[in-house]
Each structure stands twice: as structure tokens, then as C-alpha cells.
Amino acid sequence: LLGIPEDSEWMVAEMGMSTPGELGRLSRLARPEVAVYTNVRPAHLVNFGSVEAIARAKAELLEGLVEGGLVVANRDDPRVAAIAEAHPGPVAWYAIDRDADYRARRLSTTPGRPGSRFELAVGGRSVTVELALIGRYNVENFLAAAACAHRLGIALEEVAAAAATVAPEAMRGVVHRLASGALLVDDSYNSSPSALAGALAGARQLAAGARSWCVLGDMLELGTSAAELHRAAGAEAARLGFSPVVGVGEQARELVAAAAAAGAETRWCADAAAAAELAPGLLAAEDLLLVKGSRGVGLEAVVAAVLAAEEAD
């Protein structure tokens, strides 16, 4: 904060937390004029114990919000909605499924092509948005950014034009089209139950009927809920048609077991090195492969091994 150049007009800061009280301290330091809430979902449960405790901790962001400050909130998330409804100042709502100030309508995807097309509706106006990021979750993220930017004076047309320039950061949903025709979705930077569910759904939309399979690492810091959440993830992967499901790490044993029980072919690897040795040999032409795991698992090694084995565009 002290290093911000004096001629800066705006600072956009991600305020992360891993224990109660952290977000309140950060908020009081920053004194934000806008607070953006995307979702409240299970992550870092080992330090919080429940999703409700995470919601209470995220509400701390409002402690330093300036008087009359704006809250941008996801109306599709009931825990976010509860936080925003308690705010005495202005709220800009965004949503896909519910009525909101900023809404994505007529959302569509094209199999084999990353991204989404939709109408961004604001009041009685709308603009067409082409977003080259996979998954519904990225549409939600775009709506949050669009609502914030528009309320700060950016025209809707400029918001839509900016969407066309957005590209994923490394290891966060990057789609590699390989020389064999296979698609590799590199989402190896991190993982959590809700993020994994979104990545699985987004990758499956991209598959266009091709064989879809995945390498999924442990989701860390989930506390006593870890086994249950890994089982749910494995069952969801199988339900969406991913097979084989390759689990990496001790907690992923539960994921693999649930996927197998739901009818998927499965493999288990003790670590990323073993998965990196296995994956290139499993990949066939026209396949879709999703790679996702928590940062501590290091599944970028799998991506590197696949890319080394096949020339990417």
C-alpha cells in the first residue's frame, strides 16, 4: 500500500485469508471504496471448521470499507447475498440464475472452442460478450469485474471489448491444443471442491464428444471434511463422464475409490512424478485431459511431461 505510485487512480487488491481476523486487519489497512464478493465455498477448512465460519470471516472485509462504500456481490451465492444484504450502503448485484443489476443471459458455449458467449444485461441495455475463458465460473468472475468497472464509470461497450482480450494466467485454465488433436486443460495451480467442480464442468463442455479424462491431485487444507469432499469430487468426475480418473496423493485415494464406484476407470499415483510418468502414455489423439490439484501437489509436472511428449500449437 505504501508503495503505490502517487499518480495512481485505482488499486485492485486481492485480499486473501487463511485464519479468522486476517481479512479485517487487511481491510482496515486498505480502507477500500469497493468490496467485491464472488463466493463463499469450502477452502482452508482446516483453519475455519465450517463454511459458515468462512462466511463470517469474509464479512470482515466490510470492517474497513469507507462510509458509503460500494459492495459488488454475487446474488447466486446465498452466503454472499447474506453478507451484502447486511451492508447499509449501496450494493451492485450480479448473477447468472437470479435477477440482478448485472446479469449474463443467453449463455452458450461451442464444443471444442474455449470460452462463452452471452448478453451482459444492465437495466434496459445489453451488450454481447465473447469471453475466451472456459467454465461458468469464469462468467461469474467476469460479471463481478464488469459490475465493478461499470459502477466506476467504464462504459458497457468498453467492458465487453475488454472481455475479448482476457487470457488465463499460467496454470489457471490454459487450454493447449496438441499436435495429435488432443486438448490439454492446464488448471494445475490450485484446487478446492468448488473450483474442481467448475473445472470439470467447463472441461466437459469443451470436449465435444471426445474421450475426457483427468489427473486430479489432493485438495489440501480441508480438515475433517477432506475424505467426504474428495469422495464427492470423484463421484462428480465419473458422473460427468471422465474416465480414466487418475488420482494423485494420499487424499486422492478417496477420490479414486468414489470414481470407481460410480463406474469410471481409475488409476492412483503416489505423487506428481509418478503421474507425470503415466499421463503421456495414456493420452490418445482427440482426447481431452484436465489436470488440476492443490499447489502442494505440483501437478505442473504432469503438464510439462505431456507437452514434452507432444508438440503443442
Lys/Arg-Asp/Glu bridge criterion (N-O < 4.0 Å) met for Glu300, Arg295: yes
Backbone of [Y] reached by a side-chain donor or acceptor of [X] within 3.5 Å:
| X | Y | value |
| --- | --- | --- |
| Asp101 | Gly123 | no |
| Glu22 | Thr19 | yes |
| Asn47 | Ser18 | yes |

Could you verify whether a donor N or O on one side chain and an acceptor N or O on the other, from [X] and [Y], lie under 3.5 Å apart?
| X | Y | value |
| --- | --- | --- |
| Arg117 | Ser108 | no |
| Thr128 | Glu119 | yes |
| Tyr102 | Arg151 | yes |

Can you confirm whether Glu169 is buried at CD, in the sense that more than 12 heavy atoms of other residues, nucleotides or ligands lie under 6.0 Å from that atom?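 Not buried by this count: 12 neighbours or fewer within 6.0 Å.
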Do [X] and [Y] make a side-chain contact, defined as non-hydrogen atoms from C-beta onward lying under 4.5 Å apart?
| X | Y | answer |
| --- | --- | --- |
| Leu220 | Gln251 | yes |
| Val291 | Val185 | no |
| Leu278 | Cys269 | yes |

Say whether Val166 and Val175 are linked into one hydrophobic cluster, either directly or through other cluster members, by side-chain heavy-atom distances under 4.5 angstrom.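 Not linked; separate clusters.
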Derivation and outcome, side chain to side chain donor-acceptor pair (under 3.5 Å), residues Glu63 and Ser27: CA-CA 6 Å; Glu63 292 178 11; Ser27 178; over 6 Å; no
For Val256, what are the other residues in its hydrophobic cluster, where any two members join if their side-chain heavy atoms are less than 4.5 angstrom apart? Trp268
My understanding is that a hydrophobic cluster links ILVMFWY residues whose side chain heavy atoms are under 4.5 Å apart, including indirect links. Using that, what else belongs to the cluster containing Tyr189?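 ILVMFWY cluster around Tyr189 also holds Met171.
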Scan for ring pair (Phe, Tyr, Trp, His ring centres under 6.0 Å) pairs involving residues 43-98, sequence neighbours excluded, and state none if there are none. none
Please report the closest heavy-atom contact between Pro32 and Leu65, naming both atoms and the distance.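 Smallest heavy-atom distance, with atoms named: O-CD1, 3.2 Å.
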Which heavy atom in Ala95 sits nearest to a heavy atom in Leu143, and how many Å separate them?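 Result for this residue pair: O-CD1, 3.4 Å.
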